[in-house]
Amino acid sequence: MVVDFRRIRPHLQPVSIEGQCAVNPASVNMSDRRNKVQLSVLLFLTLSVSAFVEELDDTFMEMRGDDDIWLIKFYAPWCSFCKQLDPVWHQIGSELKSLGSPVNVGKSDATASPGLAKEFKVRGYPAIFMWKKDVKYNYSGPRTKDGIMDFANRVGGPLVRSLSSLQLFQHAMSHHNIMFVYVGATSQLKGNFTSTAEELIVHTYFFSSSRDVLPKAVSLPSLPAVVVFKDGTYFTFDEENDGDLKSWINRERFPNYFLIDSYTLYAMGESGKLVVLALVEVKSLCEESLR
Ligand SMILES: *[C@@H]1O[C@H](CO)[C@@H](O)[C@H](O)[C@H]1NC(C)=O
């Protein structure tokens, strides 16, 4: 099935914020009341680990150091999806602390501290952001510990990670399905690569290396070059045919064939890609669905 995103995009928008409470508390529903009992149990549990997650109010904007990196969850006391996230958030706080990560973890009651929420243009709860230097990154993926930890480690680290040896390159290759690598000396292209990384690091990893670090089998027509490694092969950015670097990276950041969810489906539509969808029963894969 070929999907024309220009037609289905309006229907996709609400899907991407599925599981979020509206800012207007009119949407308080029955499940909130049912959650009250669970909440009192949670409150008890979180007391012991709350040191890993700081409660932030409107004074935070002046208090924050310029180089501090913060992972912040905005919530409302009546929001059921926020309560579901509580235990995950505390696990993330404790894990990042024990890993010695530079990322600080906080949460902010947007109904009590509306100034901070306004600064982040929060439009639903819970809302998850990384604040690094003067850039705010919104996390819109699945609210799982793994998903959020990956986001925190990726966005909290360097924009462009330097690969100084073949071993480091191979190590990175074994951990990432998709890698964008800038190869060569400083240039305007490098500037474009870095500014693209600043924006798209919410989605993917960016690296740089010198030519002699990459395996000999990788052939580059000229330097500097931007290469994407994915699907067991690699493609080189070609300014003449591929247009501007950011749009190319935005199109190439998806593998050829993978399991999509509502977040990635929406993101692919935004990139202007044509997508072929196969709907398969994952639990009982038959020969036809594998094909
Ligand atoms: C790099 O950025 C400059 C300035 O924004 C732009 O004019 C140019 O087209 C970009 N080049 C590529 C290859 O994206």
Side-chain angles (χ1 to χ4, degrees), residues 67-71 92 95-105 130-133 135 137 139 141 144-239 242 244-259 264 267:
D67 290 329
D68 291 357
I69 307 171
W70 280 88
L71 181 68
I92 290 169
E95 200 153 306
L96 286 175
K97 181 89 25 142
S98 68
L99 288 171
S101 164
V103 177
N104 301 287
V105 181
M130 171 83 78
W131 198 2
K132 187 183 165 191
K133 300 249 167 71
V135 190
Y137 297 96
Y139 175 76
T144 57
K145 189 184 128 205
D146 289 349
I148 300 168
M149 282 291 285
D150 183 52
F151 167 79
N153 288 328
R154 181 160 18 86
V155 181
L159 279 184
V160 176
R161 289 152 208 255
S162 158
L163 299 170
S164 50
S165 68
L166 181 61
Q167 264 154 317
L168 281 175
F169 172 78
Q170 281 161 345
H171 178 81
M173 283 287 280
S174 65
H175 283 77
H176 307 296
N177 289 339
I178 307 228
M179 287 174 51
F180 288 95
V181 185
Y182 176 87
V183 191
T186 303
S187 65
Q188 195 204 13
L189 189 63
K190 175 96 188 247
N192 292 29
F193 187 74
T194 308
S195 60
T196 301
E198 187 163 58
E199 205 174 310
L200 296 183
I201 196 161
V202 280
H203 301 299
T204 192
Y205 284 90
F206 293 84
F207 299 89
S208 69
S209 87
S210 61
R211 176 65 194 92
D212 51 340
V213 159
L214 296 181
K216 299 247 163 1
V218 176
S219 97
L220 302 174
S222 63
L223 290 182
V226 176
V227 189
V228 59
F229 293 88
K230 65 173 190 177
D231 301 318
T233 179
Y234 65 94
F235 305 96
T236 309
F237 170 68
D238 170 2
E239 192 166 346
D242 296 328
D244 94 290
L245 181 66
K246 191 173 113 185
S247 318
W248 180 76
I249 289 179
N250 215 9
R251 290 194 302 273
E252 292 295 337
R253 68 186 175 83
F254 305 96
N256 253 345
Y257 178 64
F258 69 120
L259 191 63
T264 43

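Predicted, not measured: the structure shown is a model, and the values here were computed from it.
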A.B. asks: For Lys230 and Phe254, indicate whether the former's side chain and the latter's backbone hold a donor-acceptor pair under 3.5 Å.
C.D. replies: yes
A.B. asks: Measure the acute angle between the ring planes of Phe206 and Phe193, then classify it against the limits of 30° and 60° as parallel, tilted or perpendicular.
C.D. replies: perpendicular
A.B. asks: CZ/Arg211 to CG/Leu223 distance, rounded to the nearest 0.5 angstrom?
C.D. replies: 7.5 Å
A.B. asks: Return the CG to OG distance between Leu159 and Ser195, rounded to the nearest 0.5 Å.
C.D. replies: 10.0 Å
A.B. asks: Does the side chain to side chain contact (heavy atoms under 4.5 Å, CB included) test come out yes or no for Glu198 and Thr194, once each step is laid out?
C.D. replies: CA-CA 6 Å; Glu198 187 163 58; Thr194 308; over 6 Å; no
A.B. asks: Between Met149 and Ile92, is there a side-chain heavy-atom distance shorter than 4.5 Å?
C.D. replies: yes
A.B. asks: Stepwise, does the ring pair (Phe, Tyr, Trp, His ring centres under 6.0 Å) test hold for Phe229 with Phe207?
C.D. replies: CA-CA 11 Å; Phe229 293 88; Phe207 299 89; 9.5 Å; no
A.B. asks: Can you confirm whether Asp67 sits close enough to Lys133 that some side-chain heavy atom of one is under 4.5 Å from a side-chain heavy atom of the other?
C.D. replies: yes
A.B. asks: Quick check: do Leu96 and Asn153 have side-chain heavy atoms less than 4.5 Å from each other?
C.D. replies: yes
A.B. asks: Rounded to the nearest 0.5 Å, what's the gap from CZ on Arg154 to NE2 on His176? Could you check?
C.D. replies: 9.0 Å
A.B. asks: Given 3.5 Å as the limit, does a donor-acceptor pair link the side chain of Tyr205 with the main chain of Val181, or not?
C.D. replies: no
A.B. asks: Working to the nearest 0.5 Å, report the span between CE of Met179 and OG1 of Thr204.
C.D. replies: 9.5 Å
A.B. asks: Is the side chain of Asp150 donor-acceptor paired with the backbone N or O of Asp146 at a distance under 3.5 Å, no angle test?
C.D. replies: no
A.B. asks: Determine whether a donor-acceptor pair (N or O, by modelled atom type, separation under 3.5 Å) exists between the side chain of Tyr234 and the backbone of Ser219.
C.D. replies: yes
A.B. asks: When you measure from the side chain of Lys132 to the backbone of Val103, do you find a donor-acceptor pair of N or O atoms at a distance under 3.5 Å?
C.D. replies: no
A.B. asks: Can you tell me how far CD1 of Ile178 sits from CG of Asp231, rounded to the nearest 0.5 angstrom?
C.D. replies: 6.5 Å
A.B. asks: Got Leu71 and Ile148 here, is their nearest side-chain heavy-atom distance under 4.5 Å?
C.D. replies: yes
A.B. asks: Which heavy atom of Val160 sits nearest a heavy atom of Ala197, and at what distance?
C.D. replies: CG2-CB, 4.1 Å
A.B. asks: Parallel, tilted or perpendicular: which fits the ring planes of Trp248 and Phe237, with parallel below 30° and perpendicular above 60°?
C.D. replies: tilted
A.B. asks: Could you tell me which non-hydrogen atom of Pro224 sits nearest to which non-hydrogen atom of Ser187, and how far apart they are?
C.D. replies: CG-OG, 3.6 Å
A.B. asks: Minimum heavy-atom separation for Arg251 and Asp242, please, with both atom names.
C.D. replies: NH2-O, 3.4 Å
A.B. asks: Any heavy-atom pair between the side chains of Tyr139 and Val202 that's under 4.5 Å?
C.D. replies: no
A.B. asks: In Å, rounded to the nearest 0.5 Å, how long is the span from CD1 of Ile69 to OG of Ser101?
C.D. replies: 7.5 Å
A.B. asks: Mind listing the closest non-hydrogen atom pair of Thr236 and Pro221 along with its distance?
C.D. replies: CG2-CD, 4.2 Å
A.B. asks: Which atom names give the shortest non-hydrogen contact between Pro158 and Ile201, and what distance separates them?
C.D. replies: O-CD1, 3.8 Å
A.B. asks: Where is the tightest heavy-atom contact between Ser164 and Leu168, given as atom of each residue plus distance?
C.D. replies: OG-CD1, 3.4 Å
